[in-house]
Amino acid sequence: MPKLTKGNSMFGAGASPGIMSCIAGRLLCDTFLCSRDLLKEVSYSLTQLAKNQLHKDRKEIAPQDIPSMFQKLESLIELIECAQQDAWLSLELMFHLSVIPLTHQLTKLSGNLWGKTLQGARAQRVEYLLLHAFHEQKYINPDKTSAHANEAKDQRLPKRRIDAGSADRNAEEFGGDDAKLETDHVKGKKGPAYAGGLVLEPKRGLYDKYILLLDFNSLYPSIIQEYNICFTTVEKTTDGSIPHLPSFKEIGVLPKLLRDLVERRKRVKQMMKNAPRIKLQQHDIHQQALKLTANSMYGCLGFSNSRFYAKPLAELITLQGREILQRTVDLVQNNLNLEVIYGDTDSIMIHTGLDDIEKAKSIAVKVTQEVNKKYQCLVIDLDGLYKRMLLLKKKKYAAIKVQFRNDIPYEVIERKGLDMVRRDWSLISKEIGDFCLNQILSGGSCDDVVESIHGALVKVREEMKNGEIQLEKYVITKTLTKQPEAYPDGKNQPHVQVALRMKQNGSCTGFSPGDTIPYVICCEQGTSSAGSSGMAQRARHPDELKDNGKWIIDIDYYLSQQIHPVVSRLCASIQGTSPERLADCLGLDSTKFQRRPNYAADVDHSSLLLGSVDDCERYEGCEPLVISCPSCSSSFDCPVVVTSFCGSTDDETVSPAREKPERNFWQSLRCPRCPIDGDMGRVSPAMIANQVKRQADHFLSLYYRNTMTCDDETCNYTTRGLNLRASGDFERGSVCPNYPHCNGHLLKKYTEADLYKQLSYFCHVLDTEKCLQKLNMEASARMSLETSLSRIRPVVQMAASVVSKMRDRCAFGWINLSDLVVAV
DNA sequence: CTGGTAGGGGAAGCAT
DNA sequence: ATGCTTCCCCTAC
């Protein structure tokens with residue numbers, strides 16, 4: 001008799017070989033596994049799936065109640081009906097997900113076993129696809145080697161750095177890599193084997209002008225075709241370095257395969273346009289299958305256990321991907337003068353600064369045309385128009401997306417990576433987060449938004465304290481990735497603790513990798529929020545609370561660890577509130593949330609050090625920013641951006657300067673001394689950035705030269721300091737070495753304050769953002785100024801960021817040094 | 001045995 | 001106490 005135990009549900013079918021042998025010749029469709037593959041849900045229990053996917057209720061029966069249900073006829077019939085309903089629900093789910101037609105298509109494309117496709121073996125599908133393709137071309141296919149052999153092959157070659165960007169790393173890093181590799185091997189865990197996609201540093205903040213989301217259609221398959229990347233075309237390297245792009249003219253097997261898939265998909269999509277309704281879904285599934293197959297090829301090249309494992313090819317593909325994205329960013333910023341605020345692997349987001357959706361669209365058309373000119377296969381496309389967007393971090397943002405149905409626009413909120421899209425946060429923190437996000441994106445005034453968020457926090461705290469929140473809202477869900485017993489530090493993991501205890505006290509038969517465990521964080525009744533033990537020890541299954549009064553929800557944990565961080569992150573770039581203030585609303589000790597000084601962050605040092613004095617006074621003694629013309633090589637003082645666009649605010653004070661032709665520089669972006677027509681005297685963003693950088697470097701070196709001069713005017717003694725900040729006394733000025741002939745003290749000729757002031761002045765000249773916060777003006781004038789500034793922003797962005805980085809780096813260094821002095 | 005890498009963020013343990 | 005590293009989980013692409 002075969003062993004009919006449940007199989008490892010993390011992989012393969014939910015059935016052991018024993019069960020499989022009992023159903024030999026039949027296909028097994030495990031709707032649990034299919035759902036996990038095809039859907040994104042917090043929980044994959046039949047109850048949840050039935051509710052969310054089929055909109056049907058399922059009656060749950062606890063395992064321990066089943067024996068008693070056999071005792072009475074009515075309850076036995078109820079049990080039978082429930083079992084029957086479960087079977088129907090599973091079947092309905094299968095049809096709902098179109099599992100059979102989809103896996104059928106996938107199998108037909110790849111030529112593998114349907115049963116395997118149903119098990120989700122994606123690597124095997126690609127393997128068979130390639131086996132057939134190469135066999136057809138009379139190639140001898142590679143033998144299947146073990147993962148171990150593949151990894152060993154990797155290790156014989158010198159290991160490359162993960163970041164392929166710069167090769168200038170020291171030997172220590174290589175050693176570190178190897179050590180890491182060793183531990184990975186022992187633990188059976190793999191770190192990344194090669195570098196992947198490029199993620200741009202986001203320009204964080206809340207945007208309320210249209211943002212364009214452009215992305216390359218299936219980037220990696222397109223790269224393979226664009227550059228003819230294949231086993232048959234790419235020259236192998238012997239030193240483990242990334243191979244060069246092939247110059248081979250004849251199309252490789254991989255690119256041809258992909259081209260066929262793409263063309264077939266195009267044909268199917270064409271057929272869909274005038275297909276009868278009954279055929280429509282069939283075509284759609286066919287089309288999906290073609291896309292899925294094309295997209296999964298790259299992954300298998302990088303999969304170390306694949307028969308067609310080819311790390312060099314995978315590396316080459318991702319390298320091209322990074323370069324393509326970077327080239328696109330450069331083109332958009334430097335040639336099209338648009339501001340790129342973020343990008344991830346195959347996409348860029350462009351801040352248009354426009355309120356007009358049609359104009360924004362026309363920019364998108366222009367950009368896509370320019371980018372697409374450069375490639376044969378690669379196509380960039382407009383993927384989204386965002387009316388407003390909150391950009392928090394890499395891979396974390398939300399936006400109001402404008403979509404069209406029959407040319408009628410409607411808005412949907414898109415949320416990526418934020419806490420509320422993750423299953424490992426409690427429903428209550430997701431709800432609060434959603435509320436805050438909606439407020440932030442509502443377009444209401446800053447005051448209103450902040451007020452409503454504060455109000456909501458106060459309210460939810462009240463409700464929690466009064467026990468008005470349902471238990472379900474506190475539930476956090478996490479997935480087991482190993483057997484619960486297999487965790488080395490299981491005692492620190494709440495979901496592991498819960499799983500182990502549930503198995504121990506017999507509430508269930510046990511858990512497997514892949515199971516999702518719900519839990520709530522509790523504290524013992526009576527012991528207040530002390531948090532005496534680790535939080536993993538205080539995790540309980542929700543059912544454990546229902547019939548046991550000993551453990552109650554740890555409200556303080558939820559306020560401080562679930563709600564506060566979520567809201568606090570969302571509000572990071574919202575003015576008028578702060579983590580402390582938010583903590584206050586939640587009744588937490590706000591001193592614990594005080595932002596520790598982080599001088600590298602966006603603190604405005606100029607106002608810290610110099611107070612709020614008028615700009616004229618503040619930058620007194622600073623050298624002007626000089627721009628020299630590329631054509632006539634004359635130079636002129638660069639005017640302050642913001643004053644160029646709001647002449648009305650301080651007309652009188654600057655009226656003499658207004659006569660100067662340079663005043664118009666930012667409007668025209670041309671040398672004021674060159675002829676007005678023609679291409680003479682045009683100044684590009686890169687040129688501005690270079691010139692600013694050079695001048696900033698000049699002041700930096702002036703500072704580092706550390707010239708000391710005697711404060712006695714008659715002495716004129718000048719020397720160079722021995723080192724920077726040698727001592728506190730030296731700092732304040734030591735006695736002139738010319739003593740006793742002179743009674744003066746040595747002073748620094750160019751102090752850090754001077755340098756700081758100078759760099760801040762450059763920042764001020766190029767500033768298009770902070771100035772808006774400081775100005776008090778009426779709405780209409782403000783709007784026109786904002787428009788002007790957002791137009792000029794892409795032009796000065798590069799220069800501004802260069803100089804502000806220099807300034808912040810300096811400030812960072814000084815503060816560290818002065819801390820050191822105090823400590824000694 | 002059962003595609004990839006990049007990256008954020010929680011929690012604990014460790015060295016300082 | 002505090003920064004750093006490690007593990008874990010989940011997500012974006």
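Residue numbering restarts at 1 for every chain, and letters A, B, ... go by the order of the sequence lines.
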| Counting any heavy atom closer than 4.0 Å, what does A:G302 reach on the DNA or RNA strands: base, sugar-phosphate only, or nothing? | sugar-phosphate
| field | Any A:Y397 side-chain nitrogen or oxygen under 4.0 Å from OP1 or OP2 of C:dC13 | value | yes
| side chain to side chain donor-acceptor pair (under 3.5 Å) partners for A:Y298, two or more places apart | A:Y194
| message | So, applying side-chain hydrogen bond (donor to acceptor under 3.5 Å, both in side chains) with A:Y386, which one of A:H351, A:K401, A:E414 is it? | response | A:E414
| query | Does a side-chain N or O from A:Q124 land closer than 4.0 Å to OP1 or OP2 of B:dC1, or not? | reply | no
| Under 4.0 angstrom between A:K393 side-chain N/O and B:dG9 OP1 or OP2 | yes
| message | Starting the side chain at C-beta, find the nucleotide from B:dT5, B:dA11, C:dA12 nearest to A:M535. | response | B:dA11
| task | Assign A:V421 to base, sugar-phosphate, or nothing according to its heavy-atom contacts below 4.0 angstrom with the strands shown. | result | sugar-phosphate
| C:dA12 phosphate, OP1 or OP2, under 4.0 Å from A:K416 side-chain N/O | no
| Looking at DNA chain B, which of residues 486-495 of chain A put a heavy atom within less than 4.0 Å of it? | A:K491, A:N492
| Rounded distance in Å - CG (A:L219) to P (B:dA6) | 15 Å
| Reckon A:T345 has a side-chain N or O less than 4.0 Å from the OP1 or OP2 of B:dA6? | no
| field | Nearest-Å distance for atom pair CG/P, residues A:L391 and B:dG8 | value | 12 Å
| message | Please report the distance, rounded to the nearest Å, between CG in A:L480 and P in C:dC10. | response | 9 Å
| task | Check the distance between B:dG10's C1' and A:L418's CG and give it to me in whole angstrom. | result | 17 Å
| message | Regarding A:F216, tell me which of base, sugar-phosphate or nothing describes its non-hydrogen contacts under 4.0 Å with the strands shown. | response | nothing
| task | Send over the distance from A:K430 NZ to B:dG9 C1', rounded to a whole Å. | result | 15 Å
| field | Residue list, salt bridge (Lys or Arg N to Asp or Glu O under 4.0 Å) with A:K592, at least two apart or on another chain | value | none
| A:Q537 CD to B:dA11 P, straight-line distance once rounded to whole Å | 14 Å
| request: Verify the contact: side-chain N or O of A:K478 to OP1 or OP2 of B:dG10, cut-off strictly under 4.0 Å; return yes or no. | output: no
| message | Rounded to whole Å, how long is the line connecting atom CG of A:D344 with atom C1' of C:dT11? | response | 11 Å
| request: Sticking with atom C1', work out how far C:dC13 lies from B:dG3, rounded to a whole angstrom. | output: 14 Å
| query | With respect to the side chain of A:K395, which nucleotide from B:dC1, C:dA12, C:dC8 is positioned closest? | reply | C:dA12
| field | Side-chain N or O of A:R423 closer than 4.0 Å to phosphate OP1/OP2 of C:dC10 | value | yes
| request: Look at the side chain of A:T479 and decide which nucleotide, out of B:dT5, C:dC10, B:dG8, has an atom nearest to it. | output: C:dC10
| message | Categorize A:Y557 for me: base, sugar-phosphate, or nothing, with a 4.0 angstrom heavy-atom threshold over every strand shown. | response | sugar-phosphate
| message | Please tell me whether A:S110 and A:N112 have a donor and an acceptor in their side chains that are separated by less than 3.5 angstrom. | response | no
| task | Compare the minimum distances between each of B:dG3, B:dC1, B:dT5 and the side chain of A:N305, then state the nucleotide with the smallest one. | result | B:dC1
| field | A:M420 CE - C:dA12 P separation (whole Å) | value | 12 Å
| Base, sugar-phosphate, or nothing for A:A123, non-hydrogen atoms under 4.0 angstrom? | sugar-phosphate
| task | Nearest-nucleotide wise, let me know which of A:R204 and A:S296 is further upstream toward the 5' end of DNA chain B. | result | A:S296
| remark: Between A:N295 and A:R422, the residue closer to the 5' end of DNA chain B by nearest nucleotide is A:N295
| Partner residues of A:D37 under the side chain to side chain donor-acceptor pair (under 3.5 Å) criterion, sequence neighbours left out | none
| task | Just jot down the ring pair (Phe, Tyr, Trp, His ring centres under 6.0 Å) partners of A:Y557, sequence neighbours excluded, or say none. | result | none
| message | Checking A:Y474 now: which residues fulfil side chain to side chain donor-acceptor pair (under 3.5 Å) with it, not counting sequence neighbours? | response | none
| query | Has A:R569 got a side-chain N or O lying under 4.0 Å from the OP1 or OP2 atom of B:dG10? | reply | yes
| Any sub-3.5 Å donor-acceptor pair from A:E315's side-chain atoms to A:I242's backbone N or O? | no
| According to a strict under-4.0 Å criterion, is A:K394 in side-chain N/O contact with OP1 or OP2 of C:dT11? | no
| Quick one: do the A:T479 and A:R423 side chains pair a donor with an acceptor below 3.5 Å? | yes
